[in-house]
Amino acid sequence: MSDLEEEYRLDYFAENGFHRLECQSCGAAFWTRDESRETCGEPPCAEYGFIDDPGFEEEHTLEEMREAFLSFFEERDHERIDPYPIAANRWRDDVLLTQASIYDFQPLVTSGTTPPPANPLTISQPCIRMQDIDNVGKTGRHTMAFEMMAHHAFNAREEVDDEYAYEGEVYWKSETVQYCDELLAELGADPEGVTYIEDPWVGGGNAGPAIEVIYKGLELATLVFMSLEQDPEGDYEMKDGNTYSKMDTYVVDTGYGLERWTWMSQGTPTVYEAVYPEMIDFLKDNAGIEYTDEEAAIVHDAARMSGNLDIDDVDDVEAARGDIADELGVDVDELRELVEPLEDIYAIADHCRALAYMFGDEIVPSNVGTGYLARFVLRKTKRLCDNAGVDAPLDELVDMQADRLGYENRDTIRDVVRTEVEKYRETLERGSRRVEQLAEEYAGRDEPIPTDDLVELYDSHGIQPDMVEEIAEDYGAAVDVPDDFHAQVVERHTESADETDEEEADLDRERLADLPETERLYYEDQNRLEFEAMVLEVIEREEGYDVVLDQTMFYPEGGGQPADHGTLSAEDVTANVTDVQRVDGVVLHRADEDPGTGEFVRGQVDGTRRRRLMRHHTATHIVGHAARQVLGEHIRQAGAQKHVDSARLDVKHYESITREQVEKIERIANEMVMDNAPVSQEWIDRNEAEAEHGFDIYQGGIPGGEQIRLIHTDEDTQACGGTHVSRTGDVGAIKLLGTERIQDGVVRLTYAAGDAAIEATQRTERALDEAADVLDVAPEEVPETARRFFDEWKERGKQIEDLKEELAAVRASGGGAGEEVDVDGTTAVVQRLDADMDELRATANALVEEEKVAVIGSGADGAKFVVAVPDSVSINAGDVVGELAGRVGGGGGGPPDFAQGGGPDTDALADALEDAPDILRQLQNA
RNA sequence: GGGCCCAUAGCUCAGUGGCAGAGCGCCGCCUUUGCAAGGCGGAGGCCCUGGGUUCAAAUCCCAGUGGGUCCA
């Protein structure tokens, strides 16, 4: 088993007088020019040495530092690359947010499948790390939003020649360290003070040697040499306990924290004051934070010290605060009161920057995906503002950051923030009403609000426990928030997931591995429907056969476009194709007959179906483009499905779509159709495509491979594998059928194209005509008439009610056929009345009004009874009904003064009523 | 993608299988008045939709629709 020590013996260290030492405090190995050095230099082994004593020659702003870095590497033959969106799910589907510059090149570039956009390259990549959210503001150095400056080089071993998308070695470890050392020197750092700590890196199935660059106590950069992959047979055992072996590709992955370099150059007490000083000033002013000189000195020292501590979670922060207070000789509560508002303000500034990145990159708040993360941050920020007494509107604060970061869609950003803040306000309002009720209830019982309720309030209604505490206090109810509150919430979510049946799929893969990729004729000519091919393999299925051909015109299901149908004809069999799937490049035709392996077949695609699907596919691109024009640049596809009769497109949008907007989208879409612009396909290098059109081409998902297929529809460009008509005019017409919000932040547009559009229109027209016929009016008058009819219908319902009551009153006052019997001095009326329950009830009520016991039976729909007893009589109506209902094979019950029941045996009804007087007498005596 | 919660009068919500309710708002009358208000009466309900269980469903079960919320 080798270890990585050898990997760190770099020429650069040897040639420049470096020594390999061991930290006397933590034992880590590190390289330094200063032979007398005792520690590695990183807290807690050492303290910050740059607060009030900047480590570089000149102060840099964030922008200046970024430029200094990028141009440094540009001068050294690196190409400067524009940053990628913060929403990493635009180009990869395994993560939501960009958390490091290397994310931009995973997984396709790092694995060698796709070439990098440049090699070597340099970039300053905005990143968001949500896991740090609770530390922001408290430690002085944590930020959720940051820029990772980096230079990357992608290397492949010489001996593997053209297997990967890049070849040979650009540069490796020694050069990487040299760059870092020179950059530090250029900025005026003291070379003797820099240490390079050996700290192997492991992550996501890869690993490699890595070096932490420490200067004046601050970790300024990490130089990662990604060169190992997880391998049970591997020679290298890493700190995660797994073994790794060398890869054919090896990648220089560096990370230079822009904020930290800026901070180093300024030596402010916290990083926040270095990065966005204007915003901190604004917020302080807005929240009315003012300190006396003495207080200011305490705050300054406390900030310096908390930055100095090795704190990794919030509990530590609270503990550390005590130590700091001791050292400064102030009371811990006093200290907290001084610094907490300031900490909130630091966090607000940072969070607003994260929000600016998110909304600037057109993430739409929602309850899923990146949208949820955005919502989460926004709500947290709003709470911080309220807490710190910042009364500036949140959209203004986010806009300050968006402005600084140079976003151009600032109006939309503010719109989104305003809408979202309003939603939050509504949630809180709803929530507090709920809490008030609970608080009142438990305060009345003098019990604390139970934890279960707290968890439910949070999980189902979005109300933070501290908010519950606040409200409950007003009602005098106690709240005990358990330490493991969050764990209990998580507990509610740990239900086992569905197990998917992947066995068959695995089996297929093995069997298909030997077959060549099916040649896709449908890309060569999207209008051809006939072809000839050879049957390479037939796999028998439970229902039918999967036929593999050498080439096919059949489009397999994909990109929301359903599979083609049609036939495969051999000499003496014709098989119907009802489904087509593509697995690992091999197209499987699901057929009802076996055409025979080795046979030549003539394929015929169902043209009507295909043409309808093609129209709907092209229409989908058109509608998406039109929606973007009407609703805004942030409109992105969240999903799409094409059918023969209609299609739907789900787009991300932060509010529901109005009738006017629908009509406008429809109008623009049809203008595009009428323009009859060409729809063209193009196979193009993916970097080129991304460079020219951006990541928005990946509306329908992210294809693999070096070459991708673009569909140009008028001005719209998308990466798409579907089949399309050749001119927009071929779509015929587009009719929007409806919109609905399928979840928060996602709106579904349903539409039909071509003959399906005509059919859809005819369908709705027919429905309207039929309705008009029924009402016997002209179609235009249907709404008015329907309204009138509905009103009249309601009116009549009420009249019937009234009449029933009147009728009942008349019956009760002697007009009815009821048999009056005397039950020990009380008058009872036993009556059969074959009517519905309402009428029975009304009659019984009317009799009770006259101080009579009512026993009413009905045989209208099974046997039914209603028994009502005046207050003055001590007979339990429920018991009477129970007894009566028993005789008709059913049951019944109710309160003592009014009960109802029944049973299925209508024939026994008369006998039961006959017995009623006896039953009454019996029960009265009971 | 998954979990949980909710849907009843114009609004906010009660209603644990047995007659559809409260507060606010609305209308009318009365009292009082500088204003705020107070008293009495009234109108206003496809209890989200569709199935099921039951003698009986706003209520229980299933499915759907709509909204909310938490998590990945």
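So that the names make sense, note that chain A is the first sequence line, chain B the second, and so on, each numbered from 1.
Between the base of B/C19 and the side chain of A/Asn845 there is a donor-acceptor pair shorter than 3.5 Å. Applying the 3.5 Å distance criterion, the base of B/U69 shares a donor-acceptor pair with the side chain of A/Asn367.
A/Met467 has its CE atom 12 Å from the P atom of B/C70, to the nearest Å. Rounded to an integer number of Å, the gap from CG of A/Leu457 to C1' of B/C70 is 12 Å. Taking atom CG of residue A/Asn89 and atom C1' of nucleotide B/G1, one finds them 13 Å apart after rounding to whole Å. Here B/C4 presents its P atom at 19 Å from CD1 of A/Ile463, a figure rounded to the nearest Å. One interatomic measurement links the two molecules: CD of A/Glu436 to C1' of B/C13, which rounds to 13 Å at whole-angstrom precision. Straight-line distance from the CG atom of A/Asp459 to the P atom of B/C70: 8 Å, rounded to whole Å. Taking atom CD of residue A/Glu422 and atom P of nucleotide B/G67, one finds them 17 Å apart after rounding to whole Å.
Remark: B/C60 base-pairs with B/G52; criterion is Watson-Crick or G-U wobble with both hydrogen-bond distances under 3.5 Å. Pairing partner, B/C27: B/G41, with both Watson-Crick or wobble hydrogen-bond distances short of 3.5 Å. Nucleotide B/C47: unpaired (no Watson-Crick or G-U wobble partner with both distances less than 3.5 Å). Shown here, B/U69 forms a base pair with B/G3; the pair counts as Watson-Crick or G-U wobble because both key distances fall under 3.5 Å.
For B/C5, the OP1/OP2 oxygens have no side-chain nitrogen or oxygen of A/Arg434 closer than 4.0 Å. Taking side-chain N and O atoms only, A/Arg430 has no distance below 4.0 Å to OP1 or OP2 of B/G68. For A/Thr427, a side-chain nitrogen or oxygen approaches OP1 or OP2 of B/U69 to under 4.0 Å.
Set against B/C70, B/A14, B/C4, the side chain of A/Gln437 has B/A14 as its closest nucleotide. In the set B/C19, B/C4, B/C70, the nucleotide with an atom closest to the side chain of A/Phe898 is B/C19. In this structure, of B/C5, B/C55, B/C13, it is B/C13 that holds the atom nearest to the side chain of A/Arg433.
Comparing the P positions of B/G28 and B/G64 gives a spacing of 48 Å, expressed to the nearest Å. The gap from the C1' atom of B/A14 to that of B/G45 amounts to 15 Å, rounded to the nearest Å. Nucleotides B/C30 and B/U12 are separated by 29 Å at their C1' atoms, to the nearest Å. B/C46 and B/G38: their P atoms are spaced 30 Å apart (whole Å). Here the separation of B/A36 from B/G23, taken at their P atoms, is 22 Å to the nearest Å. One C1' atom belongs to B/G10, the other to B/A43, and the distance between them is 12 Å to the nearest Å. Taking atom P on both B/A63 and B/A9, the two are 26 Å apart, rounded to the nearest angstrom. Of the P atoms belonging to B/A22 and B/G52, the separation is 33 Å, rounded to the nearest Å.
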Q.
One pair to check against ring-ring contact (aromatic ring centres under 6.0 Å, His included): A/Phe485 and A/Tyr458. What are the steps and the verdict?
A. CA-CA 10 Å; A/Phe485 176 78; A/Tyr458 176 69; 5.8 Å; yes

Q: Could you walk me through whether A/Tyr698 and A/Arg636 pass the side chain to side chain donor-acceptor pair (under 3.5 Å) test, one step at a time?
A: CA-CA 9 Å; A/Tyr698 300 132; A/Arg636 284 209 163 62; over 6 Å; no

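By the 6.0 Å contact criterion, CD on A/Glu473 is open, its count of non-hydrogen atoms from other residues, nucleotides or ligands being 12 or less.
At a threshold of 4.0 angstrom between heavy atoms, the contacts of A/Gly862 with the nucleic acid are absent. Heavy atoms of A/Arg887 sit nowhere under 4.0 angstrom from any nucleic acid atom. Contacts of A/Gly369 with the nucleic acid, taken as non-hydrogen atoms under 4.0 Å apart, include base atoms. Heavy atoms of A/Gly462 sit under 4.0 angstrom from primed sugar atoms or phosphate atoms, though from no base atom.
A stacking contact between A/Phe865 and B/C55 is absent: the pair does not combine a ring-centre distance of less than 5.5 Å to the base's six-membered ring with planes differing by less than 30°.
Map A/His461 and A/Arg379 each onto its nearest nucleotide of RNA chain B; the residue landing nearer the 5' end is A/His461. Residue order along RNA chain B, read from the 5' end via each residue's closest nucleotide, puts A/Gln900 first among A/Lys423 and A/Gln900.
Contact check on A/Asp386 versus A/Arg383 returns no salt bridge, with no Lys/Arg side-chain nitrogen under 4.0 Å from an Asp/Glu carboxylate oxygen.
The minimum heavy-atom distance linking A/Asp834 with A/Gly859 is given by the pair OD1-N, 2.7 Å.
A side-chain N or O of A/Gln131 and one of A/Gln99 form a donor-acceptor pair less than 3.5 Å apart.
Ring geometry, A/Tyr84 versus A/Phe695: the interplanar angle falls from 30° to 60°, so the pair is classed tilted.
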